[in-house]
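Here the structure is laid out as structure tokens; the discussion comes afterwards.
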Amino acid sequence: MPGQKIETDHRDSVHDVSMDYYGKRVATASSDTTIKIIGIGSSSSQHLATLSAHRGPVWQVAWAHPKFGSVLASCSYDGKVIVWKEGNQNEWSQFQVFDNHKSSVNSIAWAPHELGLCLACGSSDGTISIYRAQPDGTWDTSKIDQAHPTGVTSVTWAPSTAPGALVGSGVSEPVQKIASGGCDNTVKVWKLYNGGWKMDCFPALQKHSDWVRDVAWAPNLGLPKTTIASGSEDGTVVVWTVANEGDQWEGKVMKDFKAAVWRVSWSLTGNLLAVASGDNNVSLWKEEADGDWQEVQMLNQ
């Protein structure tokens with residue numbers, strides 16, 4: 001599939017691009033404080049809307065599952081998280097504004113739709129907030145204080161089905177877990193337990209020697225193991241796996257890119273990992289039968 005270049009018309013750096021569920025629109029986040037909604041066709045793109053409400057660089061944008069309507073979340077250096085909702089076509093309004101973080105909100109992630117309309121947010125103030133929409137229109141807020149005391153850089157949700165659940169029998173409770181990365185060079189896993197979030201890995205996962213810039217929980221599709229990828233400013237991508245609940249996580253350095261790794265992202269089937277690195281390259285990787293990772297494609301910029 002040939003690459004397609006999209007003009008965003010942002011006036012400053014673009015920090016994030018997120019494609020909607022149907023692959024028909026992308027949202028972009030920029031240091032110019034705006035979010036752009038762009039429609040994409042097979043060979044062309046079209047500007048649909050500009051969302052302006054943040055008062056600092058916008059770091060990330062994330063589409064909610066379409067079962068909740070046309071909903072987009074954004075987070076910014078201004079410490080705010082805004083949930084936007086589309087009313088009439090291409091007419092967006094602020095559905096909810098969360099401003100209880102004391103500094104930059106660096107990462108946002110919607111929970112699997114089976115858990116409802118629920119958003120996790122990681123901030124430079126060291127905390128992770130979880131906002132959950134209630135039937136009466138209010139939002140319930142819970143918090144993981146001092147998740148990474150020197151700052152949270154990234155958050156990602158676990159799949160809602162437990163490893164192996166698709167091949168097992170019986171109905172199991174949906175999994176509610178979050179992984180996070182931080183300025184303390186660690187990856188941590190959190191689990192909702194009796195209404196509160198508790199750390200679910202001891203000790204914290206440590207193989208990086210610099211800030212963890214991104215974490216991504218792989219879809220499991222009923223596979224017997226759980227997998228998380230983390231990318232760091234130290235140039236490495238580590239793939240973490242655990243076979244059974246309660247076991248120790250094992251980390252394997254997939255590759256040293258010799259340049260900061262900014263983003264890691266799994267394919268929908270969980271068998272391909274995309275890596276965006278500071279050498280201006282995006283590469284695709286696949287795990288071989290022997291457990292080694294092989295580069296399958298370089299996406300030239």
Side-chain angles (χ1 to χ4, degrees), residues 15-16 29 56-60 62 73 75-81 98 100-111 119-131 141-158 176-192 196-218 226-242 248-254 256-257 259-266 273 275-278:
H15 298 292
D16 193 28
V58 184
W59 300 130
Q60 279 191 7
C75 64
S76 168
Y77 180 80
D78 65 10
K80 290 182 179 176
V81 174
F98 302 110
N100 58 341
H101 281 287
K102 299 184 179 70
S103 55
S104 175
V105 181
N106 304 316
S107 181
I108 48 176
W110 290 105
L119 186 69
C121 314
S123 170
S124 291
D125 65 14
T127 65
I128 297 171
S129 291
I130 297 95
Y131 305 108
T141 303
S142 55
K143 204 178 237 188
I144 304 172
D145 284 315
Q146 299 295 296
H148 298 265
T150 50
V152 183
T153 54
S154 51
V155 289
T156 179
W157 286 84
Q176 298 201 48
K177 288 187 179 183
I178 292 169
S180 61
C183 303
D184 56 4
N185 310 345
T186 71
V187 174
K188 295 181 180 179
V189 179
W190 310 89
K191 182 179 182 180
L192 187 62
W197 289 91
K198 307 291 184 188
M199 197 161 145
D200 195 49
C201 60
F202 297 98
L205 309 184
Q206 303 184 45
K207 268 195 181 295
H208 291 296
S209 58
D210 207 337
W211 291 13
V212 176
R213 280 296 183 176
D214 200 22
V215 287
W217 206 306
T226 299
T227 305
I228 296 170
S230 59
S232 167
E233 217 152 316
D234 67 10
T236 65
V237 170
V238 175
V239 176
W240 307 89
T241 56
V242 65
Q248 289 286 325
W249 287 82
E250 294 181 10
K252 179 177 182 178
V253 176
M254 187 195 86
D256 185 349
F257 287 83
V261 174
W262 300 118
R263 297 301 294 270
V264 285
S265 180
W266 293 98
L273 181 67
V275 179
S277 45

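- Residues Val189 and Ile228 have side chains in contact (heavy-atom distance under 4.5 Å, counting atoms from C-beta outward).
- A donor-acceptor distance shorter than 3.5 angstrom exists from the side chain of Asp214 to the backbone of Val264, with no hydrogens or angles considered.
- For the pair Tyr131 and Asn100, the minimum side-chain heavy-atom distance is below 4.5 Å.
- Between His15 and Arg263, the shortest heavy-atom contact is O-NH1, 4.3 Å.
- Rounding to the nearest 0.5 angstrom, the gap separating the CH2 atom in Trp217 from the OG1 atom in Thr227 is 10.0 Å.
- Judged purely by atom type and a 3.5 angstrom limit, Glu250 has no side-chain atom pairing as donor or acceptor with the backbone of Val239.
- Of the inter-residue distances, the one linking Gln146 atom CD with Asp184 atom CG reads 10.5 Å to the nearest 0.5 angstrom.
- In this structure, Glu233 and Trp262 have side chains that are in contact, with non-hydrogen atoms separated by less than 4.5 Å.
- We find the OG-CD1 distance between Ser129 and Ile108 to be 12.5 Å, quoted to the nearest 0.5 Å.
- Shortest non-hydrogen contact noted between Val105 and Trp59 is O-CD1, 3.1 Å.
- For the 3.5 Å distance criterion, the side chains of Ser124 and Asn106 qualify, holding a donor opposite an acceptor.
- At least one donor-acceptor pair closer than 3.5 Å links the side chain of Lys188 to the backbone N or O of Ala147.
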Test side-chain contact (heavy atoms from CB on, under 4.5 Å) applied to Ser232 and Asn185, step by step: CA-CA 8 Å; Ser232 167; Asn185 310 345; over 6 Å; no
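- Interatomic distance, Lys198 NZ to Lys177 NZ, rounded to the nearest 0.5 Å: 15.5 Å.
- The nearest pair of heavy atoms linking Thr186 to Val212 is O-CG2, 3.6 Å.
- A pairwise comparison of heavy atoms in His101 and Ser123 identifies ND1-CB, 3.2 Å as the closest pair.
- By the 6.0 Å contact criterion, CZ on Phe98 is enclosed, its count of non-hydrogen atoms from other residues, nucleotides or ligands being greater than 12.
- Applying the ring-ring contact (aromatic ring centres under 6.0 Å, His included) test to Phe257 and every residue at least two apart in sequence or in another chain returns Trp285.
- When every heavy atom of Ser76 is checked against every heavy atom of Gly56, the shortest pair comes out as OG-O, 3.3 Å.
- Atoms CD1 and NZ, on Ile178 and Lys191 in that order, are 13.5 Å from each other to the nearest 0.5 Å.
- Across Arg213 and Ser154, no two heavy atoms sit closer than the pair O-CB, 3.8 Å.
- For Trp110, there are no ring-ring contact (aromatic ring centres under 6.0 Å, His included) partners at least two apart in sequence or on another chain.
- Distance CG/Leu119 to CD1/Ile130: 9.5 Å, rounded to 0.5 Å.
- A heavy-atom distance below 4.5 Å is not found between the side chains of Val215 and Trp240.
- The salt bridge (Lys or Arg N to Asp or Glu O under 4.0 Å) test applied to Asp125 returns no partner, not counting sequence neighbours.
- Within 6.0 Å of atom CH2 in Trp211, 12 or fewer heavy atoms from other residues, nucleotides or ligands are found, so the atom counts as exposed in its surroundings.
- Counting heavy atoms from C-beta on, the side chains of Met254 and Leu273 come closer than 4.5 Å.
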